[in-house]
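Heavy-atom basis, side chains included; hydrogens, waters and symmetry copies ignored. The sequence lines fix the lettering, A, B, ..., with proteins before strands; numbering per chain opens at 1.
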2 protein chains.
Amino acid sequence: MHKTKGALTQPAKCVACPIRKMALFQPLAQSEIKSAQTYKSENRMLAAGEDIYRQGDTCTEIYTLYDGWAFLYMDISPGKRQILRFLLPGDLLGFHGDLEGCRHPHSAQGVSCISLCVFPISRLLKMFRKHPKLGIRITWMTAQDNTLAHEHLASLGRRSAHDKIAHLLLELFYRVRICHPESDRQNTIDFPLTQELIGDAVGLTSIHVNRTIKELRRSGLVQIKARKLTIADPEAISKLTGFNRRIFPPRHII
Amino acid sequence: MHKTKGALTQPAKCVACPIRKMALFQPLAQSEIKSAQTYKSENRMLAAGEDIYRQGDTCTEIYTLYDGWAFLYMDISPGKRQILRFLLPGDLLGFHGDLEGCRHPHSAQGVSCISLCVFPISRLLKMFRKHPKLGIRITWMTAQDNTLAHEHLASLGRRSAHDKIAHLLLELFYRVRICHPESDRQNTIDFPLTQELIGDAVGLTSIHVNRTIKELRRSGLVQIKARKLTIADPEAISKLTGFNRRIFPPRHII
DNA sequence: CGCGCCGTTGAGCCCGTTCAAAAAGTGTGG
DNA sequence: CCACACTTTTTGAACGGGCTCAACGGCGCG
């Protein structure tokens, strides 16, 4: 599980960034990227299971996830934690609205080894002044995170185990495919989550996650094998479980 | 229940607005308020139970709740809904990051009759250009909403009925008191929520909400009577249930 | 080959639900 | 001001979804 960091994609210069379409710098013209890049301090690699930041830490940086999956979580009580959100390449994390003196209200961790682009908060004000589009962009991304959190609230509060898990899998399935538009007819994605992580995200025991996935598999709806997720007929399950795809506008639309 | 709208406070001019410290215009100097006010189209009163907007509607306005309580919600399936967030005077609603062509991802409704300040989205761009502080402010408010949603996720996913309800009551208790700094030693607040609304917020049946509140009352922790909530020793329950007050920075700090 | 993490399965229990019905408030119209 | 209708709160009994505890199998890695 603890893969070597060497397995990760090394980030190129921002100009040639393959995930830029999904990320913070999306609104910038090619000509602006070089200047914007100076606000990035470094690229950072973390081993699987390492925390990116911890609840209560003072915020000094924000991050764009460059490679690998990650998640935000809160420790509730010993042995209990809630995963708030899964992050895919291009997703922003660590921004909580304040440019100084705020503390992280949750922790963040990589699912496996990950690679991050790091932006010191001290440079953000200057960056937003120079590139107002990035201010708009970060506001938009924050609002989108809100909508996603709301969708999760609906799942946790009012859906059965079956539907909670189906919704989560569908959400991740579509989010991954948005990043790979070429694979629009592909119905298998890489899927590095353990059943325990799924359980911590939807508020169920890993044991019950297992039983539920077994059921989903037996009814032919999903297939998880060897870190791959296959959803034969996404539209069908969406209808079956009331999943609304429109809640995930591609990040590069605005 | 359906009180007449006349019971509401009539909004004064923004210059004299009593809730401004908690609301969108908070960062503006007295001298700027008059110009900013022109971006407000009207004040609107709604009867109890009327929707402010509905899931799927095109967004054309954003709102500041001026008087009364409201909530955001999603309909899951007939008879099931999830309340995403309660709104108190000064709270912003209807902003989802887009300035055109987006649709509301959830619905919003008043708990009892309410009064709203309405800002047409078409004027927002101009407003943010003229008063960049408002852009920062709205970003900050959106990020705060996110933190609050995360706290709710933790409740719904990983806490017992007892703790879910205790947390919600504490959250509302502190949020109301922030709006009334003079009442910092008061431990009773106005509390217009029915047990069914509480249930829809924490993902429980109103029947079970009732039994749980009964238990909270018998252990002397909270008292709900005649639309008033009393929490004798907020600090004590906070410790007992792991509630972290720091997640609610007063809205007028930034 | 052995260790550790992950997935799988079984049995029994408990928290919260469902269904049903009565009691207590609350607003409305006469 | 009172009577009526409706909403909200309260209580009981039985069911069930998801949890707990416990054990075993499988796979990857050292």
Side-chain angles (χ1 to χ4, degrees), chain A residues 1-4 6-7 47-49 76-82 111-113 155-166 168-169 191-218 222-229, chain B residues 1-7 47-49 76-82 109 111-113 155-166 168 190-218 222-229:
Chain A
M1 164 50 88
H2 283 256
K3 290 178 196 165
T4 61
I76 305 301
S77 53
K80 284 193 178 182
R81 73 173 171 189
Q82 176 63 40
V111 168
S112 48
C113 53
S155 256
L156 294 210
R158 289 301 186 200
R159 286 199 252 261
S160 65
H162 183 280
D163 286 3
K164 282 177 189 179
I165 292 179
L168 178 65
L169 297 182
F191 189 79
L193 303 185
T194 65
Q195 296 181 351
E196 191 176 354
L197 287 175
I198 296 174
D200 284 342
V202 296
L204 295 169
T205 309
S206 65
I207 289 122
H208 201 244
V209 169
N210 182 284
R211 289 195 237 268
T212 308
I213 288 181
K214 180 173 141 194
E215 193 190 308
L216 287 168
R217 179 170 41 224
R218 262 200 294 150
V222 309
Q223 183 68 246
I224 301 180
K225 189 162 276 184
R227 310 277 110 132
K228 298 270 182 191
L229 165 67
Chain B
M1 162 53 84
H2 283 256
K3 289 179 194 162
T4 60
K5 295 180 186 179
I76 306 299
S77 53
K80 284 194 176 183
R81 74 172 170 190
Q82 175 65 40
Q109 189 175 109
V111 168
S112 49
C113 53
S155 257
L156 294 211
R158 288 302 187 200
R159 286 200 253 261
S160 65
H162 183 279
D163 287 3
K164 282 178 191 178
I165 292 178
L168 178 65
D190 284 330
F191 190 80
L193 303 185
T194 65
Q195 296 181 352
E196 191 175 353
L197 288 175
I198 296 173
D200 284 342
V202 296
L204 296 169
T205 308
S206 66
I207 287 118
H208 201 244
V209 169
N210 182 282
R211 290 194 237 268
T212 308
I213 287 181
K214 180 173 142 194
E215 193 190 309
L216 287 167
R217 179 168 43 224
R218 263 199 294 150
V222 309
Q223 183 67 246
I224 301 179
K225 187 163 277 183
R227 309 279 110 130
K228 299 269 182 190
L229 164 67

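For B/Arg227, whose side chain is taken as the heavy atoms from C-beta onward, the closest listed nucleotide among C/dT8, D/dT10, D/dT8 is D/dT8.
Rounded to a whole Å, the CD atom of A/Glu215 is 15 Å from the C1' atom of C/dT8. Following rounding to the nearest Å, A/Leu216 (CG) and C/dT8 (P) show an atom-to-atom distance of 12 Å. The interatomic distance linking B/Asn210 (CG) with C/dA24 (P) rounds to 14 Å, in whole Å. D/dT10 atom P lies 14 Å from atom CD of B/Glu196, rounded to whole Å. The CG atom of A/Leu193 sits 15 Å away from the C1' atom of C/dG7 (whole-angstrom rounding). In this structure, A/Gln223 atom CD and C/dG7 atom P are separated by 14 Å, rounded to whole Å. What separates CD1 of B/Ile224 from C1' of C/dA24 is a distance of 16 Å, to the nearest Å. In this structure, the CD atom of A/Gln195 is 16 Å from the P atom of D/dG26, given to the nearest Å.
Where DNA chain D pairs in unbroken runs of 3 or more (Watson-Crick or G-U, both distances under 3.5 Å), the stems are C:1-5 with D:26-30, C:8-30 with D:1-23.
Qualifying side-chain contact (heavy atoms from CB on, under 4.5 Å) partners for B/Gln223, counting only residues two or more places apart in sequence or in other chains: B/Arg217, B/Lys225, B/Thr230. For B/Lys228, the salt bridge (Lys or Arg N to Asp or Glu O under 4.0 Å) partners are B/Asp190, not counting sequence neighbours. For B/Glu196, the side-chain contact (heavy atoms from CB on, under 4.5 Å) partners are B/Thr194, B/Asp200, B/Ser206, not counting sequence neighbours. In this structure, the side-chain contact (heavy atoms from CB on, under 4.5 Å) partners of B/Gln109, at least two apart in sequence or on a different chain, are B/Asp51, B/Phe71, B/Tyr73, B/Arg81. In this structure A/Ser155 satisfies the side-chain hydrogen bond (donor to acceptor under 3.5 Å, both in side chains) test together with A/Arg159, sequence neighbours excluded. Scanning for side-chain hydrogen bond (donor to acceptor under 3.5 Å, both in side chains) contacts around B/Asn210 gives B/Gln195, with sequence neighbours left out.
Sequence neighbours left out, not one pair with a member in residues 201-211 of chain A passes salt bridge (Lys or Arg N to Asp or Glu O under 4.0 Å).
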Verdict with supporting geometry, A/Ile165 and A/Leu204, side chain to side chain contact (heavy atoms under 4.5 Å, CB included): CA-CA 9 Å; A/Ile165 292 179; A/Leu204 295 169; 4.1 Å; yes
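In this structure, A/Arg217 does not reach the C/dG7 phosphate: none of its side-chain N or O atoms is under 4.0 Å from OP1 or OP2.
In this structure, A/Arg227 and A/Leu193 have side chains that are not in contact, with every pair of non-hydrogen atoms separated by 4.5 Å or more.
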Each nucleotide in nucleotides 10-20 of chain C should get exactly one letter: B, S or -. Can you fill that in based on protein heavy atoms under 4.0 Å? BB----BBBB-
